[in-house]
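Some notes on the structure that comes next.
When a ligand or atom number is given, it counts from 1 through the structure's own listing order. Not measured: the values here are computed from a predicted model.
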Amino acid sequence: MNLIAFSERYPDEIICQKAFKDLRDKEEVICKKCGGTSHYWKSDKMSFECKKCKFRTSLRSGTVMEHSRLPFRYWLLAIHLMTSTKKSISVLEMQRQLGHKFYEPIWEMMHKIRLMVGKRDTNYVLEDTIELDEGFFTQVKESQEYTDKDEPKKRWRGSQNKAKVLVMTSTEPVEDYKKDEKPSKLKFVKMLVIRDLTADMIEAQVTACIDSNATVKTDGFKSYSKLKTIVAQHQEFIVPPKEACSVLPWVHTMISNAKRTFAGIHHLIKAGYMQNYLDEFCYKVNRRYFQNKLFDRLLIACIADVWYD
Ligand SMILES: [Zn+2]
């Protein structure tokens, strides 16, 4: 769906509300009070009324839009722009496109959408052959420390540090690959911010995210040494850092693509929000062949499982 198609499908706020209401009907509204699923639509109250207990559920309640005052059309356009752009879109750009006065609500809306995006892939388990490595992503940490006595007024100094990210890519081999091409095809990518790079932390993530019958490829980092006890096969490549790209090509490509996207679009990412940006990046990579379906799927995700998941 391009922008013209979007404007034709959602020309004004009333039609956006109607589309949202129809989708909620289709996805089934569940009464928060009694669990009933049959409702009357009260158009004057813009609410669903439970047939059993008369409890009212507003159009936004229970969805990603709960507590938001932004128009429905903003949400639909934001979902459209976040899914139709190849890389991503910054908050400032979104604010400009929507013509909204304030930055904060737009920032919040985009993060709520990213949270829904992240939920889609949380339980996905990677299979077959998996490349595993760690990446370090620049983030800004806010601290209250005074670093210089001569600058007492600088209360919130942003200091940059690196988020530790575990990166996993599932791949399948390609026969007859050409020179300069990778010998495998990417299937799925997962990126997780982790507190530390200890063996315990990494093993816990591998257990949760990777199928026990899989083959895992890593470099010679010591925290990977016991992975063979968790997965069927662990292939360890002890090579100089320069050659790591050739033995683990997909994780390195994904890490550098993500870093380039973040640096070019989002600039400085605050600590605590890195996972949201990684989720958005992975969601797009993992659904790179979905094209037009991406908007509808994400919209349903934003409506459907905010509570009942
Ligand atoms: Zn009820």
Practice task
Using only heavy-atom distances, determine whether the side chains of S47 and W41 contain a donor-acceptor pair under 3.5 Å.
Solution key: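 No, W41 and S47 have no side-chain donor paired with an acceptor closer than 3.5 Å.
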Handout entry: Minimum side-chain heavy-atom gap I303-F20 below 4.5 Å
Key = yes
Exercise for the section: Give the minimum heavy-atom separation between W250 and S184, together with the two atoms involved. Expected result: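 Scanning both residues, the minimum pair turns out to be NE1-O, 3.0 Å.
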Problem - Atom OH of Y177 with >12 non-hydrogen neighbours under 6.0 angstrom - result: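 Incorrect, the count does not exceed 12.
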Completion exercise
ring-ring contact (aromatic ring centres under 6.0 Å, His included) filter on H234, not counting sequence neighbours, yields none
Practice task
Taking only Lys NZ, Arg NE, NH1 and NH2, and the carboxylate oxygens of Asp or Glu, determine whether E172 and K185 approach each other closer than 4.0 Å.
Solution key: yes
Problem - Polar protein atoms (N, O or S) that approach the Zn ion (ligand 1) to under 2.8 Å - result: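 Short answer, with waters excluded from the count: C31 SG, C34 SG, C50 SG, C53 SG.
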